[in-house]
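The figures that follow rest on heavy atoms only: side chains count, while hydrogens, waters and symmetry mates do not. Note on naming: letters A, B, ... go to the chains in the order of the sequence lines (proteins, then strands), and numbering restarts at 1 for each one.
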Number of protein chains: 2
Amino acid sequence: MDKHEAVAALAALAQDTRLDIFRLLIQTGPEGMPAGQIAERLDLPATTLSFHLNHLRHAGLVGFRRESRMLIYAAAYGAMNELLAYLTENCCRGDASGCDARARVPASSSSFLTTSQRRS
Amino acid sequence: MDKHEAVAALAALAQDTRLDIFRLLIQTGPEGMPAGQIAERLDLPATTLSFHLNHLRHAGLVGFRRESRMLIYAAAYGAMNELLAYLTENCCRGDASGCDARARVPASSSSFLTTSQRRS
DNA sequence: TCCATAGTTTTATAATTATGGAAATATAAA
DNA sequence: TTTATATTTCCATAATTATAAAACTATGGA
């Protein structure tokens, strides 16, 4: 992950509504949730939700797949892990005694999403 | 950490210059670095650096102490850990098999900073 | 084909944020 | 006490971002 991607991801998360959406999806798991259900759970107008999902998607933090009429969004666990790793990179000049940095989240079971789905 | 604090911390990090500053301090370790040296390392005007340090400070991500004429800034490792934990909270509905979330960074050796120094 | 459902794109307005110069403040050395 | 250093606060300008209504697109069922 480079700086530009990290800033994009952090900016995507640095907003009340988007943080709610992202955490809901993180908690939901790799199977994801349809946009309409997210809107219902968080009580958001469709247009506002769409704006924020798009933002998260461009930042690489969520992906989606179509299933019949529904678009099912899911957290991109891999991207999230990369972000956490980026923040703590080379922590304390490698002096693990004062700083045993670690930052991981889901697994490679991360999800059904292909890279193109994650980013497009 | 509540949502408000998390958004503040993420917003503080979601900016090129501030992300550079924060990572520099994370890599420097708990002993920190004087503002002037940060400015030199990142080639920033003093006024711009001060603006961004202030932002990071209000978000609780850095603290400082005075040492003679210099203000020495250091990363607030504890706050950072809380942020990472918040993002991954209740990951995948507790189904650790698909999602063994963990997010930790430095230790309680985090630094010389008191809570009031971190936040004020 | 026509209608309903699920979401997105467009657009305008309102609000927030970044940058850097000039002036101010705090500390220390001469 | 004068002067230099280290850093901040104030300010104006420029740029970015959020919100939600209206119009649009895609899918599936009658």
Side-chain angles (χ1 to χ4, degrees), chain A residues 3-22 24-25 28 31-59 61-74 113 117-120, chain B residues 3-22 24-25 28 32-59 61-74 113 117 119-120:
Chain A
K3 183 164 83 175
H4 184 256
E5 291 174 313
V7 168
L10 289 163
L13 294 172
Q15 205 277 347
D16 275 62
T17 303
R18 282 196 298 271
L19 187 54
D20 284 340
I21 295 169
F22 183 73
L24 175 58
L25 291 178
T28 295
E31 68 277 16
M33 184 183 284
Q37 200 175 322
I38 299 173
E40 195 181 5
R41 287 280 293 270
L42 301 178
D43 191 26
L44 294 172
T47 171
T48 297
L49 174 65
S50 189
F51 171 82
H52 289 300
L53 281 173
N54 201 37
H55 206 314
L56 286 167
R57 193 160 56 81
H58 277 104
L61 289 169
V62 308
F64 70 94
R65 67 180 194 276
R66 184 177 279 277
E67 211 162 87
S68 175
R69 273 186 284 205
M70 298 178 294
L71 292 188
I72 302 193
Y73 283 85
L113 298 170
Q117 281 178 311
R118 271 197 288 271
R119 307 268 168 193
S120 72
Chain B
K3 184 164 83 175
H4 185 256
E5 291 174 313
V7 168
L10 290 163
L13 295 172
Q15 205 277 347
D16 274 63
T17 302
R18 282 194 299 270
L19 187 53
D20 284 341
I21 295 169
F22 183 73
L24 175 59
L25 291 178
T28 295
M33 185 182 284
Q37 199 174 325
I38 299 174
E40 194 181 5
R41 287 279 293 270
L42 301 178
D43 191 26
L44 294 171
T47 171
T48 298
L49 174 65
S50 188
F51 171 81
H52 289 300
L53 281 174
N54 201 37
H55 205 314
L56 287 167
R57 193 161 57 82
H58 277 106
L61 288 170
V62 308
F64 69 94
R65 68 179 194 277
R66 183 178 281 277
E67 211 162 87
S68 173
R69 273 186 284 204
M70 298 178 291
L71 293 188
I72 302 194
Y73 283 84
L113 299 170
Q117 281 181 312
R119 309 264 170 199
S120 72

(request) Starting at atom CG of A:L49, determine the distance to atom P of C:dA6, rounded to an integer number of angstrom. (result) 14 Å
(message) Between C1' on C:dT25 and CE on B:M70, what's the gap in Å once rounded to a whole number?
(response) 18 Å
(message) Distance check needed: C:dG20 P versus B:L53 CG, whole Å only.
(response) 15 Å
(request) Let me know the distance between CZ of A:R65 and P of C:dG7, rounded to the nearest Å. (result) 12 Å
(message) What is the separation between atom CG on A:L44 and atom P on C:dA6, rounded to the nearest whole Å?
(response) 17 Å
(message) Measuring from atom CG of A:L71 to atom CD of A:E67, what distance do you get when rounded to the nearest 0.5 angstrom?
(response) 10.5 Å
(message) With nearest nucleotide decided by heavy atoms, which residue, A:E67 or A:H52, maps closer to the 5′ end of DNA chain D?
(response) A:H52
(message) Taking only side-chain N and O atoms of B:S68, does any of them lie within less than 4.0 angstrom of OP1 or OP2 on C:dA28?
(response) yes
(message) Can you tell me how far apart CZ (A:F64) and CG (A:N54) are? Round to the nearest 0.5 Å.
(response) 9.0 Å
(message) Is A:Y73 close enough to C:dT8 that one of its side-chain N or O atoms is under 4.0 Å from OP1 or OP2 there?
(response) yes
(message) Exactly one of A:I72, A:I21, A:I38 should register a side chain to side chain contact (heavy atoms under 4.5 Å, CB included) with A:M33. Which one does?
(response) A:I38
(request) Check whether any side-chain N or O of A:R66 sits under 4.0 Å from OP1 or OP2 of C:dG7, and answer yes or no. (result) no
(request) Kindly indicate whether the side chain of B:T47 and the base of C:dG21 share any N or O donor-acceptor pair separated by less than 3.5 Å? (result) yes
(request) Quick one: label B:A35 by what it contacts on the DNA or RNA (base, sugar-phosphate, nothing), any heavy atom closer than 4.0 Å. (result) sugar-phosphate
(request) Write down the distance between CZ (A:F64) and C1' (C:dA6), rounded to a whole number of angstrom. (result) 13 Å
(request) Rounded to the nearest angstrom, tell me the gap between atom CG in B:L19 and atom C1' in C:dA18. (result) 16 Å
(message) Please list all pairs meeting salt bridge (charged side-chain N to carboxylate O under 4.0 Å, His left out) that have one or both residues in residues 7-22 of chain A, counting only residues at least two apart or in different chains.
(response) A:D16-B:K3, A:D20-B:K3
(request) Using the salt bridge (charged side-chain N to carboxylate O under 4.0 Å, His left out) rule, collect all pairs that involve residues 40-53 of chain A, keeping only residues at least two apart or in two chains. (result) none
(message) Quick check for you: name the first and last nucleotides of DNA chain D, 5' to 3', having an atom under 4.0 Å from a heavy atom of chain A.
(response) D:dA18 to D:dG28
(request) In whole angstrom, give the distance that lies between atom CD of A:Q37 and atom C1' of C:dG7. (result) 15 Å
(message) I need the B:L13 CG to B:L61 CG distance, nearest 0.5 Å.
(response) 5.0 Å
(message) Just verifying a value: how many Å separate A:H52 NE2 and A:R57 CZ, rounded to the nearest 0.5 Å?
(response) 14.5 Å
(request) Let me know, please, whether A:R69 or A:F51 comes out on the 5' side of the other along DNA chain C by nearest nucleotide. (result) A:R69
